[in-house]
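Below is one structure, written out as structure tokens; the observations come after it.
For reference, positions follow the sequence shown, starting with 1. Source: prediction; values computed, not measured. Indexing begins at 1, ligand by ligand and atom by atom, following the structure's order.
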Amino acid sequence: MKIIITGGAGFIGTHVVKLFVKKYPQYQIYNLDALTYAGNLENLKDIEHLPNYQFIKADITDEKHIQQIFDEIQPNAVIHLAAESHVDRSIMNPNQFVLTNVLGTIHLLNAAKKMKDFKVFYHISTDEVYGSLGETGYFTEKTPYDPRSPYSASKASSDHFVRSYFHTYHLPVKISNCSNNYGPYQFPEKLIPLCINNILNEKPLPIYGKGENVRDWLYVEDHARAIDTIFHHGKIGETYNIGGNSEKKNIEVVQTLCRIMNKKMNKPNGYYEKLITFVKDRAGHDLRYAIDFTKLKTELNWQPSVSFEEGIEKTIDWYLNNSEWLKNVTSGNYQKYYEEQYSKR
Ligand code: NAD
Ligand code: DAU
């Protein structure tokens, strides 16, 4: 089987590519990625020599190039992760999110539609398409879409296009919508790696609003396992929610990071907590996300295997042991982005 995995040099894609390349030596894995600020081939150093792995630098907004690649490879499957993924960037520049997340997805669908022995187009999406919950309730696969940021609107649109290709052209598709991931290789623009990086540099830990917003956290390797399960056993035309069973307020997450880091860096209790700084809220900030993943659990026997307490320890240890990685990704344009984001808050 020949599988194109898009966005394989990004955070989640790195874990998915590694899992598939190592677990399925009989598959040929093509990692198709444009290497934007979020993509990093360093992540894949330990598997790049394996015979069933190949990297292809390509931009999914370039329809001609995408078609050429598909014509050449004749893939049997696509796992589509490539996207602009950060909500704050979507607030600054919505257009790029439409180009990559909507148009890019359509280009891949068009190319897949022309393949002869094509088994599945698996689209990786987010729980943010369902909007924002109040203090109770959960998102199920039947929750109506209600995206509220340019990022989630672009992902919702791409989900609709994927479903439309199933109904209109009978393209075999699957979709999953997952909650917040955390773990190794996450770019330090997202809450957890940003705060770890700032703690290491003793810089303020910016909490939007009052820190009361709730996210459901899933360790990234559990997401990669869910993707493996759905890819192989999920039903064509179906959607599966993926969640971590681990709802936390943002302030709790950051306090947990501080507590663990105080211990690891031999600082007194309360030391890094002094860096916590409440800043202007994110525009249109969704209050709460919580996922009901009963369908995935009962039909495909998947559930998270790493608790938040265990996962956050592993994550911190990874960043402490990979300070060069963190240094590399925070050089160049990162400072400019960081200053633009936080000088206004
Ligand atoms: P990421 O930003 O870390 O990585 C995105 C990858 O896509 C990068 O390697 C980047 O180079 C590549 N890419 C971006 N634009 C491209 C283009 N035009 N052509 C080709 N490649 C391009 O993202 P992530 O956090 O790993 O998320 C991966 C997918 O999972 C996204 O579709 C995202 O919406 C979805 N998702 C993420 C989370 C999360 O918590 N991070 C949760 C649920 C779903
Ligand atoms: O729910 C899934 C989504 O989770 C994915 O689809 C997105 O790709 C991913 O980025 C993530 O979106 P969030 O907006 O929830 O993640 P982020 O890490 O940006 O923010 C998590 C929470 O922390 C959110 O309530 C905003 C808040 N926050 C974030 C940053 C970067 C802060 O308080 N301070 C910060 O500096």
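Residue Arg215 has at least one N or O atom closer than 3.5 Å to an N or O atom of ligand 2. Close N/O approach between Cys178 and ligand 2 is not found [any backbone or side-chain N/O within under 3.5 Å]. Note: no N/O pair closer than 3.5 Å links Ser179 and ligand 2 by distance alone. Considering backbone and side-chain N/O atoms, Thr126 comes within less than 3.5 Å of an N/O atom of ligand 2. Geometrically, ligand 2 and Glu189 share no nitrogen or oxygen pair separated by less than 3.5 Å. Every N/O-N/O distance between Ile207 and ligand 2 stays at or above 3.5 Å. Inclusion of Asp88 in the set of residues having an N or O under 3.5 Å from an N or O of ligand 2 is not warranted. Every N/O-N/O distance between Cys178 and ligand 1 stays at or above 3.5 Å. For the pair Asn250 and ligand 2, the shortest N or O to N or O distance falls below 3.5 Å. Residue Trp217 has no nitrogen or oxygen atom sitting less than 3.5 Å from a nitrogen or oxygen atom of ligand 2, judged on distance alone.
Contact analysis leaves Gln341 out of contact with ligand 2, as no non-hydrogen atom separation drops below 4.0 angstrom.
Summarising the local packing, CG of Asp46 is surrounded by more than 12 heavy atoms from other residues, nucleotides or ligands at distances under 6.0 Å.
For Tyr165 and Phe121, the distance between ring centers is not under 6.0 angstrom.
A cation-pi arrangement is not found for Lys22 relative to Tyr53, the charged atom failing to lie both closer than 6.0 Å to the ring centre and inside a 45° cone about the ring normal.
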